[in-house]
Amino acid sequence: MNGTVHIVDDDEAIRDALGWLLQSRGLAWQGYDSAEAFHQAVDQARAGCLVLDIRMGGMSGLELFNLLSEQGFPLPVIFLTGHGDVPMAVSALKKGAFDFFEKPFNDNDLVNRVIEALENDARRRDQETASDSIRHKLDALTPRERQIMDLILAGKYNKVIADELSISMRTVEVHRANLLDKMGVRTAVELARLLQSATEGRSAP
């Protein structure tokens, strides 16, 4: 499993215990003794997820989560919380946290959820990579090719497109062939599916 599990907890014993637990399942991990230490050190571009204690000295886990959310932090966040913190954790869940666990928690349940968070992060990265590739292809189209592409996607035939743009049907056919080639597809249906996948990638959590 690719990615690092970032454990942020000011209790060294809990960090070490969680780290050992994750390591026993073959997962890479990195511990931080404060929210500030994590925020200063983490590379958001790297794959992973965050296991975050809510109550810590200094910046709380919830404050860190809110700060990361404002900054567009992409990694899934799993909260660890004591019983009295459940309402706060539920609030964080509504704001986009991946999950929360009440202490004491079942080890296997937590690790299984961590693996799901890592898989979720991997899917998001794959979708972003695919969307970036499609955007590069779209950028390579000429204004005329983009214009014709929009009309093709609107379901219009070459003759109708030619009439609307006041160009010959042969010119439409040439532009159509060029734009399909640049987009790496063979038909209008494949083109529509490709652009739909890019839209889904942008909207993925």
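For the single chain, residues carry numbers from 1 onward in sequence order. Here the structure is a predicted model, which is why all the values come from computation and not from measurement.
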Evaluate Arg146 against Leu138 for side-chain contact (heavy atoms from CB on, under 4.5 Å), listing each step before the verdict.
CA-CA 8 Å; Arg146 286 293 293 262; Leu138 287 171; 3.8 Å; yes

Classify the side-chain pair Arg25/Asn112 by whether it contains a donor and acceptor separated by less than 3.5 Å.
yes

Quick one: closest heavy-atom pair of Gly61 and Met56, and the distance?
N-CE, 3.7 Å

Aromatic ring pairing Phe73/Phe38, orientation class (parallel under 30°, perpendicular over 60°, tilted between)
perpendicular

May I have the step-by-step check of side-chain contact (heavy atoms from CB on, under 4.5 Å) for Asp10 and Ser34, ending in yes or no?
CA-CA 6 Å; Asp10 57 1; Ser34 70; 5.9 Å; no

List the residues meeting salt bridge (Lys or Arg N to Asp or Glu O under 4.0 Å) with Asp126, not counting sequence neighbours, and say none if there are none.
none

Taking all heavy atoms of Ile167 and all of Arg144, pick out the closest pair and write down the distance.
CG2-NH2, 3.8 Å

Considering all heavy atoms of both residues, which atom of Ala117 and which atom of Pro76 are nearest to each other, and what is their separation?
O-CG, 3.4 Å

What closest approach, in Å, do Leu75 and Arg46 show between heavy atoms, and which atom pair accounts for it?
CD2-O, 3.6 Å

Using modelled atom types and a 3.5 Å cut-off, is there a donor and acceptor pairing between side-chain atoms of Glu63 and backbone atoms of Ser60?
yes

Criterion side-chain contact (heavy atoms from CB on, under 4.5 Å) on Phe65 and Leu50, from CA distance to verdict:
CA-CA 10 Å; Phe65 177 74; Leu50 173 59; over 6 Å; no

Which residue pairs pass the ring-ring contact (aromatic ring centres under 6.0 Å, His included) test with at least one member in residues 121-166, sequence neighbours excluded?
none

Tell me, with the steps shown, if Leu151 and Leu165 meet side-chain contact (heavy atoms from CB on, under 4.5 Å).
CA-CA 10 Å; Leu151 293 171; Leu165 299 180; 4.0 Å; yes

Run the salt bridge (Lys or Arg N to Asp or Glu O under 4.0 Å) check on Asp163 and Lys159 step by step: do they pass?
CA-CA 6 Å; Asp163 291 342; Lys159 183 175 187 319; 3.4 Å; yes

